Participant: 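Provided herewith is a single structure, encoded as C-alpha cells, for subsequent inquiry.
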Number of protein chains: 2
Amino acid sequence: MDATEPGLCLVLVDDHPVVRAGLRALVESQADLDVVGEARDAAAAEDVVRRTRPDVVLMDLNLGAGPGGAATTALLRNLPQPPRVLILTTYVTETDIRTALDAGASGYLLKDAPPDELFRGIRAVARGETVLASDVAALLVRRVNSPEPALTEREVQILGLLADGLANKEMARRLLVSEATVKSHLAHIYTKLAVESRAGAVAKAIEQRIIRA
Amino acid sequence: MDATEPGLCLVLVDDHPVVRAGLRALVESQADLDVVGEARDAAAAEDVVRRTRPDVVLMDLNLGAGPGGAATTALLRNLPQPPRVLILTTYVTETDIRTALDAGASGYLLKDAPPDELFRGIRAVARGETVLASDVAALLVRRVNSPEPALTEREVQILGLLADGLANKEMARRLLVSEATVKSHLAHIYTKLAVESRAGAVAKAIEQRIIRA
DNA sequence: CCCGGCATCATCCGTTCGGCTATCGCGGGG
DNA sequence: CCCCGCGATAGCCGAACGGATGATGCCGGG
C-alpha cells in the first residue's frame, strides 16, 4: 500500500445505528478505507454526500420510513460528481436488484457475505468495476435462461396488489385500467407461476422472491 | 469499574458476518464487555455456548435457513447454567416478540437503537433484569388490551393449505371435514389477521411468519 | 412486412367465495 | 354449574372469481 495513496472515503447509509457503528468499526480496520460520514435516511445521505464527496457509498436498501435505498441511490447518482454506490442489504428480490442497478448502483452485496468480500467489493467498486454477490448473480442468471417465463412489470405490479388482498375491481381502479384487463393479467400470472388461484400466486411469488413478504 | 470485576462475556448469534463483526467491534469498545464467541446458526450457537459459558447471548431472530432465533433461544435456555439471551433484531411482529419471550429471552432490542441503549441493555440483562425497546413495549401493551389474534392450530393448518392455493372443497377433503367448517375457519382467520381475502391472508401469514414462505 | 409479445378491453358462464345466522358437543376456568 | 372458546356443521345469497374466446393497438425483431 503506497503511503501517498489517500485511501478510499466512504459514507454509510443505513437506518440502524448498530449496523452503522458496526460497519464503521469493520471498514476502519482496513488501512485504506475511511468512513467520512453516516446517514440514516435519504435526506441526510444527500447532505453528507454533498459535503464529504466520498468515493463510495455503502447503501442499505431498506431504510425504514421515507424513500428506500434504490430511490436514494438514484438521488445520489444524480448529484454532480456522484459517488459510486454499493448496495449492502439483507434480502434479495429480483426486482430489488433490478431497481437498484437501474438506479445506478455499482454493486450488490448481501450482509451475509464475509467481511473480506465486502472489503474487496468496496475497492472494486471504487475502481469502477461492478460487483455482485454470487447469490445475486445466480439469481439474475437463473432468470435469464430459466424455463419459467419471466413476469412482466405489469404482472409484478398486479402481484403486489394481490398480496395486499385487493379485489380485481380495486386493482383496476388503482392501475386506471378496466377490470377485464386485470383479470387478463391474472390469468397470465397463473399460467406463468403454474398456480390456479390468487392465494397460490401470492405464496409462490413470495417464495420465488418476486415480491417481498 | 472495579479492576477485579471480570467483565461480561458475550456470544453473538447472527447469520450476517458483517453484522457480527460490526457488533463485536462495537461492544468491545466497552471495557467491561467481551465477545468470547460468535455463531451463525442454532447448532453453532449451542456449541459455542457450551464451550464458552457466556453471561449474555446477543441473538438475531432471523437466522436465515434452519431454526430461527426463537427456537435457538429456547435451545440455549434449556442448557445447564443457561446464558441470558438478549434479542437484537430488525423487525417487530407481535408473534416474534411473544415467541421470543416465551422461549426465555430476557430482552428485546431493535437494531435501530443507539449503541448506548444496547450497552445498557446488555448490562441490565446480565443483572437479571428484563429490557424491552420502547417500541416493543408499546406493541406489547397494545396487544394486551386489544383482541389478540392468536391463531388456533387448526387455523394455521388451514393457512398452510391456503398458501398452496387449494380451494375450500380441497381443504375439506384433506382435513376430513365439511366445506362449511373450512369456511368457518377462514372467516375466523380473516377476522384475526384483519384481512378480507385469501390472498391477503396468505401474505400477512407469511409476513408474520405464521407459515413459512 | 409480418409475426409475436404486451397491454388493453369485452362478454359469457359456471364455480367459488365470503358474510350472515344458527346449531351442537366438548372441555376448561370462573 | 354455567359460560365461553374451539371445532364442526348447515343453508342462503349476492358478489367475486377463473376459464374460454376474441379483438384492438403498439412495438420490436426477423
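Order of the sequence lines sets the chain letters (A, B, ...), proteins ahead of strands, with each chain counted from 1. All of these numbers come straight from a predicted model, not from anything done at the bench.
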Participant: In whole angstroms, how far is the P atom of D:dC17 from the OH atom of A:Y190?
Facilitator: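 Distance, rounded to whole Å: 8 Å.
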
Participant: State which residue, out of B:D55, B:L109, B:L33, fulfils the side chain to side chain contact (heavy atoms under 4.5 Å, CB included) condition with B:I122.
Facilitator: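 By the side chain to side chain contact (heavy atoms under 4.5 Å, CB included) criterion, B:I122 pairs with just one of B:D55, B:L109, B:L33: B:L33.
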
Participant: Is it true that B:E46 and B:R50 have a side-chain N and a carboxylate O under 4.0 angstrom from each other?
Facilitator: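 Salt bridge: yes.
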
Participant: Should we say atom CD of B:E129 is surrounded by more than 12 heavy atoms from elsewhere, each under 6.0 Å from it?
Facilitator: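 It does: B:E129 CD has more than 12 such atoms within range.
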
Participant: Round to a whole Å and report the spacing from CG of A:L193 to C1' of D:dG18.
Facilitator: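 Value for this atom pair: 15 Å.
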
Participant: Should the pair B:R20-B:D60 be classified as a salt bridge under the 4.0 Å nitrogen-to-oxygen rule?
Facilitator: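 Looking at B:R20 and B:D60, the cut-off is not met.
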
Participant: Atom CG of A:L186 and atom P of D:dC17: how far apart are they, to the nearest Å?
Facilitator: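 The distance from CG of A:L186 to P of D:dC17 comes to 8 Å, rounded to the nearest Å.
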
Participant: Extract, from 5' to 3' on DNA chain C, the first and final nucleotides lying under 4.0 angstrom from some heavy atom of chain B.
Facilitator: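 Range of nucleotides within reach of chain B: C:dT16 to C:dG19.
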
Participant: Quick check on D:dG18: is either OP1 or OP2 less than 4.0 Å from any side-chain nitrogen or oxygen of A:S197?
Facilitator: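 Result: no.
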
Participant: State which residue, out of B:D164, B:V195, B:L162, fulfils the side chain to side chain contact (heavy atoms under 4.5 Å, CB included) condition with B:V202.
Facilitator: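 Going through B:D164, B:V195, B:L162 one by one, the side chain to side chain contact (heavy atoms under 4.5 Å, CB included) with B:V202 is satisfied by B:L162 alone.
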
Participant: Protein-nucleotides 8-12 of chain D N/O pairs closer than 3.5 Å?
Facilitator:
residue	atom	partner	partner atom	Å
D:dA8	OP1	B:R154	NE	3.4
D:dA8	OP1	B:R154	NH2	2.8
D:dA8	OP2	B:R154	NE	2.9
D:dA8	OP2	B:H185	NE2	2.9
D:dT9	OP2	B:S178	N	2.5
D:dT9	OP2	B:T181	OG1	2.8

Participant: Is the CZ atom of B:R77 crowded by more than 12 outside heavy atoms at less than 6.0 Å?
Facilitator: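 Enclosed.
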
Participant: Specify the separation, in whole Å, of atom NZ of A:K169 and atom P of D:dG18.
Facilitator: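 The answer, rounded to whole Å, is 14 Å.
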
Participant: Could you pull out the closest heavy-atom pair between A:V182 and A:M171, with the gap in Å?
Facilitator: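 For A:V182 and A:M171, the tightest heavy-atom pair comes out as CG1-SD, 3.9 Å.
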
Participant: Using heavy-atom distances to pick each residue's nearest nucleotide on DNA chain D, tell me which of A:A167 and B:H188 is more 5'.
Facilitator: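 Going by which nucleotide is closer to the 5' end, it is B:H188.
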
Participant: Sequence neighbours excluded, which residues qualify as side chain to side chain contact (heavy atoms under 4.5 Å, CB included) partners of A:A113?
Facilitator: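 In terms of side chain to side chain contact (heavy atoms under 4.5 Å, CB included), with neighbours along the sequence ignored, A:A113 is linked to A:E117.
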
